[in-house]
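Below is one structure, written out as structure tokens, with a few remarks after it.
First the proteins, then the strands, lettered A, B, ... as listed; each starts at 1. This is a predicted model, so every value here is computed, not measured.
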There are 2 protein chains.
Amino acid sequence: MPALAAKKLSFKQQQLKLRENAILDAVNRLLAKKGFDLMTMDEVAADVGIAKASLYKHFESKEIVAAASMTRLMDEALTVVNGLSSHLPPLNKIKAVVRWAIVTHLAGAMPLLPSTRSTIQQALLGYAPYMERLSTLTEQIGTWIEQAQRAGTLSASLPGEVVLYTIFARSCDPVADFLKMGGAFSDADIVDLLIHITFEGMTGRS
Amino acid sequence: MPALAAKKLSFKQQQLKLRENAILDAVNRLLAKKGFDLMTMDEVAADVGIAKASLYKHFESKEIVAAASMTRLMDEALTVVNGLSSHLPPLNKIKAVVRWAIVTHLAGAMPLLPSTRSTIQQALLGYAPYMERLSTLTEQIGTWIEQAQRAGTLSASLPGEVVLYTIFARSCDPVADFLKMGGAFSDADIVDLLIHITFEGMTGRS
DNA sequence: GTCTATAAAATGATAGAC
DNA sequence: GTCTATCATTTTATAGAC
């Protein structure tokens, strides 16, 4: 009965996948809350509700489980990117992605990608699945940047590199945290404000 | 001989001050390079060239030595602020301060102030000398923001809070690190680019 | 695969001689 | 105040029973 056997295996694999997703959920949340260096494997295990040794049966190190979590986040970003209407002007596509990132950040589910100071950066560079997705994402956004610059909706005098890095950096801008802590604005307000200062700046318009 | 005694004491105090400044130099550099959580007291001691136990004779904990370093940085910021020509338009004063911060950042001497995730934030809140200076700095910049908004050079529709937090956040923008790592731009170029995207944004001008 | 128990290493902080 | 030596704790990772 190959069909039944395959079904049983698939079920086991599904369970495995579910458990691993639960682990990545916890890791993602902790990465967003404390960052890689302050997140401990004890916390992760406690959060998932399993023993730490069990954690290591699924992921062989702290670096790898973090990289796996970041890879899943990249997949979500790519899903957002691919789900955008192709009729949208390029600048609006870029804004939509940044908007998604800030919303995710405010929801406490955005690990701090761009921190030159975190130990995880080096590990990510050596983790192929992550780098693959980052490359795809970068390429897609890079194309939109060029299109928007040709269309004149994005400043043509800015090097594309600068725009790209800025988009990534604003996706986990600490300003969002400060404003949220202040309590004077709703999440929706904060998103709009950050999108505005990111693309329009802060100077007055005559 | 009170004069001589006073002189000797002053000399000893000068030596003490010099040594403590050397410690704060090392701490400042390490805070900028790795952040509070990844900086170790062993590193600090090694960097200064003294034993770790000696370090603890000068500063009673890692939190306090870091807070002292941050306080000294705040004093430098206040010196910059007070050194600005009073005839400068308010927006230019604000830009000058941000410019100083980015230059300091690129020189590897800007600890990452705004990180909601670092353990040090809580310690800073309880360290009066730092909070005092932060308060003075915030008040001065806040006044300039209001003036610039009334003058129409800064968008009047933006809450002052948002402008203030943005100024602090851009002072240690990771975009600067990324661009520096890329190697395609000089430090001066990076400063100009960051000032531009911070105040003018990234959209095209028709 | 899950658990308990523990190894191995890093690190903040201190004891005590000089 | 400076040093060497050490403590106490945290934390990554693993051993080994079930």
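- Listed candidates were dA13(D), dT2(C), dG1(C). Nearest to the side chain of L16(A) is dG1(C).
- When the options K62(B), K52(B), K34(B) are evaluated for a salt bridge (charged side-chain N to carboxylate O under 4.0 Å, His left out) with E43(B), the one that passes is K34(B).
- In this structure, the CE atom of M41(A) is 12 Å from the C1' atom of dT14(D), given to the nearest Å.
- At a threshold of 4.0 Å, the pair D177(A)-R117(B) counts as salt-bridged, since one of the basic side-chain nitrogens sits closer than that to a carboxylate oxygen.
- Taking atom CD of residue Q15(A) and atom P of nucleotide dG1(C), one finds them 9 Å apart after rounding to whole Å.
- The number of heavy atoms from other shown groups lying within 6.0 Å of NZ (K33(B)) does not exceed 12.
- Rounded to whole Å, atom C1' of dG12(C) lies 9 Å from atom CD of E63(B).
- Distances from the side chain of K62(B) to the nucleotides dT2(D), dA13(C), dT2(C) place dA13(C) closest.
- In plain terms, the two heavy atoms of T198(B) and L194(B) that are nearest each other are OG1-O, 2.7 Å.
- Taking for each of T40(A) and A53(A) the nucleotide of DNA chain D with the nearest heavy atom, the 5'-most of the two is the partner of T40(A).
- With hydrogens and angles disregarded, no donor-acceptor distance shorter than 3.5 Å links the side chain of S69(A) to the backbone of V65(A).
- Between the CG atom of L55(A) and the C1' atom of dT14(D) there is a distance of 13 Å, given to the nearest Å.
- For Y56(B), no side-chain nitrogen or oxygen approaches OP1 or OP2 of dT14(C) to under 4.0 Å.
- Rounded to whole Å, the distance from CD1 on I50(A) to P on dG1(C) is 12 Å.
- Rounded to whole angstrom, the span from the NZ atom of K52(A) across to the P atom of dA7(C) amounts to 14 Å.
- Which of dC3(D), dA13(D), dC3(C) sits closest to the side chain of A51(A) comes down to dC3(C).
- Rounded to an integer number of Å, the gap from CE of M39(A) to C1' of dA13(D) is 14 Å.
- D42(B) has its CG atom 18 Å from the P atom of dT10(D), to the nearest Å.
- Ranking dG12(C), dG1(D), dG1(C) by closeness to the H58(B) side chain, first place goes to dG1(D).
- One finds a side-chain N or O of S54(B) lying less than 4.0 angstrom from the OP1 or OP2 phosphate oxygen of dC3(D).
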